[in-house]
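Accompanying notes for the structure given below.
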There are 2 protein chains.
Amino acid sequence: MFIYLKAKINGTMVSNKELQEKRMRGYFIAAASEILKGEGLRAVNVRSVSERAGYSFATLYNYFKDLNELIFICVNDFLEECEQMAEEQSQHLQPGKERLKMRMKALINYFTQYQGIFELCYIEKMNNAGSKQATSKMVYELTDRTADADITYMLNKKLLTDEEAEILKINLRHSLPGMMLFYLNRMQPVDYKDYMKIVNIQLDAALRNN
Amino acid sequence: MFIYLKAKINGTMVSNKELQEKRMRGYFIAAASEILKGEGLRAVNVRSVSERAGYSFATLYNYFKDLNELIFICVNDFLEECEQMAEEQSQHLQPGKERLKMRMKALINYFTQYQGIFELCYIEKMNNAGSKQATSKMVYELTDRTADADITYMLNKKLLTDEEAEILKINLRHSLPGMMLFYLNRMQPVDYKDYMKIVNIQLDAALRNN
DNA sequence: TTTATTTATTTAACATTGTTCATTTTATTT
DNA sequence: AAATAAAATGAACAATGTTAAATAAATAAA
């Protein structure tokens, strides 16, 4: 008989089957995220993720096309998480240059803390072309999204011309990944404070604070 | 008997044995470089490199500790090559801002042409800690080295203060890899001209040309 | 409640890649 | 030409991604 029991997730009605499937996917996503944050990208593989999720490695393939699909989902989650973090850490500030700076630093802080996530988002060869497009667009535009409110504010207040705003966005879009790359590939264990000094200089240059 | 025949390589005397070993290494290095430039990083593996060099995969291990060592050598070669390219392409210009800009563009041109090389230099997880330090230092400082002559010139001519020079170097060090990353991870096949327009804006911002 | 059928999970197996080692081939010395 | 050293190789192993057949669990039908 075609009776589906319904359960509520995120405000939408779904069948039991969908609910269960969503939960299963959640277990694998959580497992992959944990490993990524803890041990980094290299430690993520079909077997390690499945084991942590409490299933056989083959079960993963019942819920994801392949390992790549799972990893892409993690990327999107991480992006959301770090955007939210930037928002929270700058809540106490008024819109404008200082808040923008704080938000950019929050992004850098997030990715330097979770290096595996940076590698994943900006670097990983994204083997599967499928999800690549949408995801890499999301990654690029991370700085744009995070800077948007403050740049709009400054534009409205005539603190910035349209052209200056465009240059600022381009600058942030390029220099943030550059700075993270620098930290990631560092040779000697750079002091985080020293690193942040350079970050400050770079951000001040982008914001024309000198 | 301990008689070694000598042969001249790069102006230094070496034994036959050393010469032969150097040649053998050269075959593998050339093979790896070709594959890197042609098919990219993903196509490089012990078997493909060895086959192109004309030997069994096991022979590679008689001349290199592992695949990583071979790849690191390639990185160093590529860095030299692209520095030289920047030099050549700007020979006709006088020292100063314009030449610096041309050299930066030459770097970008090199890495966007050979994407596998960019991935390799800036991204690849450099699994083996051994050569990593020295090499990643070389990679970072690529923009510094390439910009050095022009920045020194501008300092001498008082076209730049010490502080401005420092900021410029930091800016180039971060934004060039950022721009390359952008091109590499691009979603839709970006028109190279459009890309170069953005590169120009970024470089002009770094050079305070606006 | 028992049986049949569908669904979910897992074990076995294969392909690819990096690496090691014993064996074979080649070069050198006596 | 025989003995020895050096170089090159193929067989084999481990790790990883993936597929597909076999098993277990859940559900529907009787």
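All chains are named by letter (A, B, ...) in the order of the sequence lines, taking the proteins before the strands, and each is independently numbered beginning at 1.
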NZ/NE/NH1/NH2 to OD/OE distance under 4.0 Å, [X] and [Y]:
X: A:Lys101; Y: A:Asp204; result: yes
X: B:Arg42; Y: B:Glu119; result: yes
X: B:Glu39; Y: B:Arg52; result: yes
X: A:Lys37; Y: A:Glu81; result: yes

Rounded interatomic separation in angstrom, taking [atom1] from [X] and [atom2] from [N]:
X: B:Tyr63; N: C:dG18; atom1: OH; atom2: P; value: 20 Å
X: B:Asn62; N: C:dC21; atom1: CG; atom2: C1'; value: 11 Å
X: A:Asn45; N: D:dA14; atom1: CG; atom2: P; value: 17 Å
X: B:Gln20; N: C:dA27; atom1: CD; atom2: C1'; value: 10 Å
X: B:Leu67; N: C:dT16; atom1: CG; atom2: P; value: 18 Å
X: A:Leu70; N: D:dG17; atom1: CG; atom2: P; value: 11 Å
X: B:Leu60; N: C:dC21; atom1: CG; atom2: P; value: 16 Å
X: B:Glu51; N: D:dA8; atom1: CD; atom2: C1'; value: 16 Å

Name the closest nucleotide to the [X] side chain, picking from [options].
X: B:Tyr61; options: D:dT9, D:dT18, C:dT20; answer: C:dT20
X: B:Met24; options: C:dT10, D:dA8, C:dG18; answer: D:dA8
X: B:Phe57; options: D:dT9, D:dG10, D:dA20; answer: D:dG10

Between A:Val44 and B:Thr59, which is nearer to the 5' end of DNA chain D once each is assigned its nearest nucleotide? B:Thr59

5' priority, DNA chain D, between A:Ala58 and A:Val46 [closest heavy atom]: A:Val46

Can you tell me the pairing partner of [N] across any strand shown, Watson-Crick or G-U wobble, with both distances under 3.5 angstrom?
N: C:dT11; result: D:dA20
N: D:dC13; result: C:dG18
N: D:dA7; result: C:dT24

With no angle test and no hydrogens, is the base of C:dT19 tied to the side chain of B:Arg47 by a donor-acceptor pair under 3.5 Å? yes

Name the nucleic acid region contacted by A:Phe64, choosing base, sugar-phosphate or nothing; use a 4.0 angstrom heavy-atom cut-off, strictly under. nothing

Ignoring backbone atoms, establish whether B:Tyr55 has a side-chain N or O less than 4.0 Å from OP1 or OP2 of D:dA7. no

Is a donor from one side chain sitting under 3.5 angstrom from an acceptor on the other, for B:Arg99 and B:Ser90? no

